[in-house]
Amino acid sequence: MSDALSDGLPRPSVERLAADLRALEAFTRPDRPYTRRAFSDEDRAARQWLTGRMAEAGLTPAVDAAGNQIGRRAGRAPGPALVIGSHLDTVEAGGRFDGIAGVLAGLEVARVLDAAGHRLAHAFEVINFTCEEPSDFGLSTIGSRAMSGKLDAATAARLRDRQGRSLADAVDSVGGRGSALDSARRPPGGVLRYLELHIEQAVSLDRARVPVGVVTAIAAPSRYRVAVRGRQDHAGGTPMADRRDAVAAAAELVLLVERLARETGRGMVGTVGFIEARPNMINIIPGEVDLLVDFRGIDPAAIAETLGGFERGAAEIATRRGLAIEWTSLMRDLPLTVPLEMVALAEASARAVDIPHRRLTSGASHDANHMAALCPIGLVFIPCRDGRSHCPEEWADVEHLAMGARVLLELLLRLDRDLA
Ligand code: GLV
Ligand code: MN
Ligand code: MN
């Protein structure tokens, strides 16, 4: 006999979730599916859509100073909320599921509770965090960073994009209040538990044909902006020995990133995802290159080793080639071990609703990384086809999303019952 607390409630609906996914995929830049960058018109349109769905689900919608969209359902008693969150913003030409699956799972849980008239002991919130993906301000996970006290109003006023707009202004453009960003902060314990569902963004669940993953550890990004400054010269007249070619130096840097991640091992990965050369003309030796470098890992010692190797290697390339390489650390987030009791509770929830599951780790980072500063977190994955993500081909089956939402619902009910 099943011991599921959710047995008396309706099941998360595949049809409703499928309709939500279809509605959200329309909020894209038409020329570049599926692009809904944070702070864009498409982001604002998707937020407006979500406000309506939150209200229909019996949630009271609000926006905090960081622009986080919060739908709240009161509990029987006052006090901190149980939260399910993720994000609706996407990367350039990204997918239809990264982040979106988690917000929709939270929304569907709210709809199930509302349809059944089931009142929780604790308040319940569904959150669409502001700008989880990289922004033009050098930061990602902006909403969860602000909520967990890692981003303040002074920093938001200082950080600028290339057009000179401040992050604070961008936050204002989605209904937040950048100048009062600190008021989005919640104290440790100000959230009771944080839960997130996400597509795996790797191939293990899809390959094993397992619909749900219970995450035990989450990698964190360390990112650099790197400026290579050589000397612009004539491509015909300048002998090879006299060049200070910024692109040739950047090429060495790219291979350094790849080699360091491979050689360090222990799950380290390294990527140069952005590169811009100037003046970028066939008969000119490039004088300037800007790069963005992203290292990820779960093992703090391996991360430290890789970053040390990168900084030493970059200095060596600069000296040997007689040019300048300057790097600025943009982010150095901390990897996270998910509390064992949250892992066990997620597993017990999946078992109770009879959904096959397995443990795994996350190579991608999530708003959960920051929410962990406030309370114990739980992260549940569903498969994505061939492990592909951050690309237009990204795909997850809506049936898996509904199964993941069922696990979240059961997990939420168990937390609500067990926590004081
Ligand atoms: C978020 O998508 C990340 O970069 O891990
Ligand atoms: Mn992403
Ligand atoms: Mn994501």
Side-chain angles (χ1 to χ4, degrees), residues 29 35-48 50-51 61-70 83 85-92 99 103 125 127-188 190-191 194 220-227 273-274 276 288 290-294 326-334 365-374:
R29 255 178 55 193
T35 303
R36 184 169 54 249
R37 298 286 308 277
F39 313 120
S40 63
D41 288 343
E42 296 78 30
D43 183 23
R44 276 184 285 279
R47 285 164 170 269
Q48 197 176 2
L50 182 63
T51 303
V63 179
D64 72 7
N68 295 314
Q69 259 188 301
I70 303 170
V83 175
S86 203
H87 60 99
L88 291 186
D89 67 313
T90 74
V91 293
E92 279 286 320
V103 174
E125 291 176 358
I127 302 184
N128 167 31
F129 286 106
T130 297
C131 192
E132 190 272 352
E133 300 289 4
S135 67
D136 297 334
F137 304 94
L139 268 190
S140 52
T141 48
I142 284 168
S144 51
R145 221 175 265 278
M147 191 175 280
S148 59
K150 297 181 198 164
L151 176 66
D152 58 18
T155 308
R158 181 173 48 79
L159 292 176
R160 306 266 154 175
D161 67 10
R162 285 172 159 210
Q163 286 71 44
R165 179 165 83 142
S166 71
L167 173 56
D169 283 349
V171 164
D172 290 350
S173 77
V174 291
R177 211 146 64 83
S179 60
L181 198 79
D182 302 14
S183 69
R185 186 172 293 185
R186 301 202 192 179
V191 170
Y194 175 76
S222 295
R223 293 183 174 146
Y224 294 97
R225 174 180 290 131
V226 184
F274 174 94
E276 190 175 82
E288 298 186 349
D290 293 330
L291 308 108
L292 295 176
V293 179
D294 174 299
E326 284 173 11
W327 56 91
T328 315
S329 169
L330 294 173
M331 294 171 30
R332 209 175 258 209
D333 289 348
L334 296 175
S365 72
H366 302 287
D367 291 305
N369 289 57
H370 298 295
M371 295 303 282
L374 302 182

What are the two closest heavy atoms between [X] and [Y], and how far apart are they?
X      : Y      : result
Ala156 : Ser166 : O-CB, 3.8 Å
Val63  : Gly176 : CG1-N, 4.2 Å
Pro221 : Asp294 : CB-OD2, 4.1 Å
Ala65  : Val171 : O-CG1, 3.2 Å
Gly178 : Ala153 : O-CB, 3.6 Å
Leu374 : Ser148 : CD2-CA, 4.0 Å

Identified side chain to side chain contact (heavy atoms under 4.5 Å, CB included) partner of [X] from the options [options]:
X      : options                        : result
Phe129 : Met371, His370, His366         : Met371
Arg225 : Asp290, Val293, Leu330, Leu291 : Leu330
Met147 : Ile70, Thr141, Asp367          : Ile70

Practice item. Using a 4.5 Å cut-off on heavy atoms from C-beta on, say whether the side chain of Met331 contacts that of Ser140. Key: yes
Point to revise | Ile127 side chain near Tyr194 side chain, heavy-atom distance below 4.5 Å | key: no
Exercise for review: Please assess Asp169 against Phe39 for the test side chain to side chain contact (heavy atoms under 4.5 Å, CB included), listing each intermediate value before the final yes or no.
Suggested key: CA-CA 10 Å; Asp169 283 349; Phe39 313 120; over 6 Å; no
Practice item. Decide whether Asp43 and Ser40 meet the rule of one side-chain donor and one side-chain acceptor closer than 3.5 Å. Key: no
Review point. Side chains of Thr130 and Arg47: donor-acceptor distance under 3.5 Å anywhere?
Key: yes
Review point. How would you list, by chain and number, every residue that makes a side-chain hydrogen bond (donor to acceptor under 3.5 Å, both in side chains) with Thr51, sequence neighbours excluded?
Key: Gln69
Review point. Residues two or more places apart in sequence or in another chain: which of them pass side-chain hydrogen bond (donor to acceptor under 3.5 Å, both in side chains) with Arg185?
Key: none
Point to revise | Point-to-point distance, once rounded to the nearest 0.5 Å, from CG of Asp89 to OG1 of Thr35 | key: 11.5 Å
Just checking [X]: does its [atom1] atom have more than 12 heavy atoms from other residues, nucleotides or ligands closer to it than 6.0 angstrom?
X      : atom1 : value
Arg177 : CZ    : no
Glu326 : CD    : no
Glu92  : CD    : yes

**Study point:** Check: Ser86 side chain, Gly99 main-chain N or O, donor-acceptor pair, under 3.5 Å
**Key:** yes
Review point. Where the side chain of Arg162 meets the backbone of Asp136, is there a donor-acceptor pair that is under 3.5 Å apart?
Key: no
Practice item. Could you tell me whether Asp333 and Arg145 have a side-chain N and a carboxylate O separated by less than 4.0 Å? Key: yes
Point to revise | Carboxylate-amine/guanidinium contact Arg37 Glu133, below 4.0 Å | key: no
Practice item. Could you give me the CA-CA distance, side-chain angles and deciding distance for Leu167 and Leu151, then say whether side chain to side chain contact (heavy atoms under 4.5 Å, CB included) is met? Key: CA-CA 11 Å; Leu167 173 56; Leu151 176 66; 4.2 Å; yes
**Study point:** Candidate pair Ser173 and Arg44, rule side chain to side chain contact (heavy atoms under 4.5 Å, CB included), full reasoning
**Key:** CA-CA 8 Å; Ser173 77; Arg44 276 184 285 279; 3.2 Å; yes
